[in-house]
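Have a look at the structure below, then the notes.
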Amino acid sequence: ETGVTQTPRHLVMGMTNKKSLKCEQHLGHNAMYWYKQSAKKPLELMFVYSLEERVENNSVPSRFSPECPNSSHLFLHLHTLQPEDSALYLCASSQDTAVGGYGYTFGSGTRLTVV
Amino acid sequence: EDKVVQSPLSLVVHEGDTVTLNCSYEVTNFRSLLWYKQEKKAPTFLFMLTSSGIEKKSGRLSSILDKKELFSILNITATQTGDSAVYLCAISNSNSGYALNFGKGTSLLVTP
């Protein structure tokens, strides 16, 4: 484990379901991120939280809803997804957002399949 | 718009070979270039480069940045099967320092 734990590891959901992805970091970091990794595409930044405040919403559809209740936990709530949303969703953390990605620590990701 | 292009996209080598992975970029207000190794799922940090011509080295891996020609290379000498992974290049700019812009990655397979 890297210090960033994501659950579940795998998720299969129908297009009408509602599910949530969870991320937890034990590194004392102040910034947390959601990235999406689709096949044959670069990692795409979705959301950034710094000290529980959202500082970036990178034009992500509203069917993805993030939540950061404290600096150690980050959720991604999913509803009415499309098959093209199937991907690996990676959570990452860093000491703070000002350091430009130094010491990003990634979780192992959730492999999401939308059927 | 920032852009990161990695080449080759995939590579198969034999154990003991030396490989060079390439990363070229276009960015406004360059801040840093980072290399990650992704085995299975979690990318793990390898190097961060900010200055031209200064080689970063860790065991059999090394990397260097050329800010004039806008590229970086990652070298792996005496490759081992455990080096098989996807190698990701990412850049950050000073405008939004926290956001990393990734390339598609190079998939490396080292055969026995």
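Within every chain, numbering begins at 1; the chains are lettered A, B, ... in the order of the sequence lines, protein sequences first and strands thereafter.
- Heavy atoms only, all atoms of each residue included: Gly107(A) and Ala42(B) are closest at O-CB, 3.2 Å.
- Only the side chain of Gln38(B) has a heavy atom closer than 4.5 Å to any heavy atom of chain A.
- By the 6.0 Å contact criterion, CD on Gln82(A) is enclosed, its count of non-hydrogen atoms from other residues, nucleotides or ligands being greater than 12.
- Taking hydrophobic clusters as Ile, Leu, Val, Met, Phe, Trp and Tyr residues chained together by side-chain heavy-atom distances below 4.5 Å, Leu33(B) does not share a cluster with Val86(B).
- Taking hydrophobic clusters as Ile, Leu, Val, Met, Phe, Trp and Tyr residues chained together by side-chain heavy-atom distances below 4.5 Å, Leu49(B) does not share a cluster with Tyr104(A).
- Inspection of non-hydrogen atoms places Gln37(A), Lys40(A), Lys41(A), Pro42(A), Leu43(A), Leu45(A) of residues 37-47 of chain A under 4.5 Å from chain B.
- Within the 3.5 Å criterion, the main-chain N or O of Arg9(A) finds a donor-acceptor partner in the side chain of Lys41(B).
- The aromatic ring centres of Tyr36(B) and Phe106(A) sit less than 6.0 Å apart.
- Put simply, Phe47(B) and Tyr87(B) are part of the same group of oily side chains (I, L, V, M, F, W, Y) that touch within less than 4.5 Å, one to the next.
- Side-chain heavy atoms closer than 4.5 Å link hydrophobic residues (I, L, V, M, F, W, Y) into clusters, and following such links, even through other members, never connects Phe75(A) to Tyr89(A).
- A heavy-atom distance below 4.5 Å is found between the side chains of Tyr35(A) and Leu100(B).
- Interface with chain A: from residues 72-84 of chain B, no residue qualifies, criterion being any non-hydrogen pair under 4.5 Å.
- Among residues 53-61 of chain B, no residue has any heavy atom closer than 4.5 Å to a heavy atom of chain A.
- When the side chains of ILVMFWY residues are joined at heavy-atom separations under 4.5 Å, either directly or via intervening members, Leu76(A) and Val114(A) end up in a single hydrophobic cluster.
- The interface of residues 101-110 of chain B with chain A, defined by heavy-atom distances below 4.5 Å, comprises Phe102(B), Gly103(B), Lys104(B).
- With a threshold of 4.5 angstrom between heavy atoms, Leu88(B) approaches chain A through side-chain atoms but not through N, CA, C or O.
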